[in-house]
Amino acid sequence: MRKKVTKAIFPVAGMGTRFLPATKSVPKEIMTLVDRPLVQYAIDEARAAGIKEFIFVTSRGKSALEDYFDHNPVLEQELRKKNKDDLLDILKGTNMESGAIAYIRQHRALGLGHAVWCARRLIANEPFAVILPDDVIAAETPCLKQMVEAYEETGGNMVAAMEVPPEKASAYGVLDIKDDMGSIVSVNGMVEKPSAEEAPSNLAVIGRYILTPSVLSNLNKMKSGAGGEIQLTDAIAADIGTDNTVYGYRFRGQRFDCGSKAGFLQATVAFALARDDLRDDLMRYLEDIQQIGKAAE
Ligand code: G1P
């Protein structure tokens with residue numbers, strides 16, 4: 001029997017400069033898609049995959065995240081008095097049991113690999129997940145759950161993967177494919193942010209990982225890589241060919257890059273259109289502006 005994956009790391013230390021001025025005082029992860037913060041989507045996905053311990057790697061200015069996951073007795077009492085059970089239920093989804101959530105500070109922005117390494121003592125000797133809340137994935141079966149199921153078969157390290165247009169590959173970690181078995185691929189190598197000539201394929205790593213503790217040992221020895229940062233990709237790649245080899249997992253679902261404004265807007269529209277209470281109005285609006293656009297041409 002494989003050890004179950006019950007811990008997840010959420011690296012949320014980034015300054016979110018692409019969303020300034022909003023992120024001057026609000027952590028990027030609290031920005032909302034429709035009415036739920038980005039981080040809530042990540043937590044819901046983790047819970048659906050069986051995660052019980054949530055480890056946030058934060059930085060200065062992120063205390064709003066701690067408040068978000070805390071109980072708010074005054075607000076709850078107010079809602080109870082007014083019999084707003086539906087809102088109370090929504091609030092319940094944001095609460096964390098005592099001891100289920102931990103916050104670790106990354107004191108310097110040394111890269112994603114370093115952020116994950118900051119959580120090493122809380123992970124100890126177990127497999128663990130990493131979720132990058134910027135990558136929001138709409139899926140019938142949540143992406144991490146799909147991966148946990150696949151991982152039960154393969155073991156090793158597993159990264160979510162998706163084909164991207166070749167000219168975009170240099171924005172990602174990219175897999176060098178060894179055996180392509182459909183939804184699962186085994187890999188020969190991984191390159192972080194390769195140049196167009198270096199990219200071994202256009203199968204890109206997306207922000208969901210199931211990793212073995214050996215990746216944390218690799219990070220102990222890691223020097224800075226692409227962009228002068230300590231790269232998680234390099235630490236995972238160092239396991240290729242060992243007992244903890246690396247698999248890519250082509251998930252079923254639609255990924256939105258909510259680290260970019262365009263991706264964030266697309267996710268907002270997609271999630272709003274998926275909502276019964278918003279679909280009709282929004283659809284009408286989108287049709288109207290399309291007509292106006294056409295008339296102006
Ligand atoms: C990070 C990872 C990269 C991965 C990407 C997915 O990069 O380093 O390997 O492909 O997330 O979103 P970032 O987007 O933080 O530069």
Side-chain angles (χ1 to χ4, degrees), residues 8-19 23 27-29 31 38-39 41-42 45 56-59 106 108-119 129-139 143-144 147 157-177 185 187 189-196 198-211 215 218-219 222-240 246-251 253-264 266-267:
I9 301 177
F10 301 80
V12 291
M15 289 199 290
T17 47
R18 276 196 263 180
F19 286 91
T23 46
K28 180 179 59 174
E29 299 75 20
M31 291 183 18
L38 274 187
V39 72
Y41 290 88
E45 185 178 330
F56 283 79
V57 182
T58 67
S59 60
Q106 184 188 24
R108 287 170 62 199
L110 295 178
L112 178 60
H114 179 260
V116 168
W117 179 78
C118 288
V130 177
I131 295 189
L132 309 186
D134 270 0
D135 281 331
V136 175
I137 300 173
C143 179
L144 191 64
M147 289 173 70
N157 294 288
M158 181 170 279
V159 300
M162 178 181 105
E163 260 81 23
V164 296
E167 68 279 8
K168 296 265 171 72
S170 58
Y172 297 89
V174 177
L175 301 180
D176 182 0
I177 301 170
V185 302
V187 310
M190 297 171 77
V191 195
E192 181 66 17
K193 313 237 159 64
S195 63
E198 279 169 345
S201 74
N202 66 334
L203 189 59
V205 176
I206 299 302
R208 303 289 183 276
Y209 307 78
I210 296 176
L211 302 176
V215 170
N218 300 343
L219 280 168
M222 223 55 295
K223 304 228 165 53
S224 49
E229 298 189 337
I230 297 175
Q231 295 295 348
L232 184 59
T233 299
D234 297 342
I236 301 170
D239 265 1
I240 294 170
V246 179
Y247 299 93
Y249 180 78
R250 287 193 184 94
F251 55 93
Q254 190 180 4
R255 174 257 186 176
F256 297 95
D257 174 12
C258 291
S260 79
K261 285 174 210 170
F264 200 97
Q266 286 158 16

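Counting starts at 1 for both ligands and their atoms, in listed order. Residue numbers start at 1 and run along the sequence shown. Because the structure is a prediction, the values reported are computed rather than measured.
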Residue part near ligand 1, for L132, under 4.0 Å between non-hydrogen atoms: side chain
For R255, the ligand 1 atoms whose distance to one of its heavy atoms is below 4.0 Å: 12 (O)
Taking N or O atoms only and a 3.5 Å limit, does G173 qualify as a polar contact for ligand 1? yes
Atom indices of ligand 1 within 4.0 angstrom of D135 heavy atoms, with elements: 6 (C), 12 (O)
Give me the one residue out of V136, D134, L38 that meets side chain to side chain contact (heavy atoms under 4.5 Å, CB included) with F264. L38
Among all residues two or more places apart in sequence or in another chain, which pass the salt bridge (charged side-chain N to carboxylate O under 4.0 Å, His left out) test with E163? R250
Proximal atoms of ligand 1 relative to K193 (non-hydrogen, under 4.0 Å): 7 (O), 13 (P), 16 (O)
With a 3.5 Å cut-off and sequence neighbours excluded, list the donor-acceptor pairs that the side chains of residues 230-237 form with protein atoms.
| residue | atom | partner | partner atom | Å |
| --- | --- | --- | --- | --- |
| Q231 | NE2 | A226 | O | 2.8 |
| T233 | OG1 | E192 | OE1 | 2.5 |

Euclidean distance, C258 SG relative to Q266 CD, rounded to 0.5 Å: 9.0 Å
How about Q106 and H114: does a side-chain donor come under 3.5 Å of a side-chain acceptor? yes
Any atoms of ligand 1 less than 4.0 Å from a non-hydrogen atom of T233? List them with their elements. 9 (O)
What part of M190, side chain, backbone, both or neither, has a heavy atom within less than 4.0 angstrom of ligand 1? neither
Return a yes/no value: protein heavy atom under 4.0 Å from atom 8 (O) of ligand 1? yes
Among all the protein's non-hydrogen atoms, which is closest to atom 2 (C) of ligand 1, and how far away is it? E192 OE2, 3.7 Å
Crowding at CE, M31 (>12 non-hydrogen neighbours, <6.0 Å): yes
When you measure from atom 10 (O) of ligand 1 to every protein heavy atom, which one gives the shortest distance, and what is it? V205 O, 2.6 Å
So CZ of R255 and CZ of R208: to nearest 0.5 Å the spacing works out to 9.5 Å
Does the protein put a heavy atom under 4.0 Å from atom 14 (O) of ligand 1? no
Where do V174 and S201 come nearest, in terms of heavy atoms and distance? CG1-O, 3.2 Å
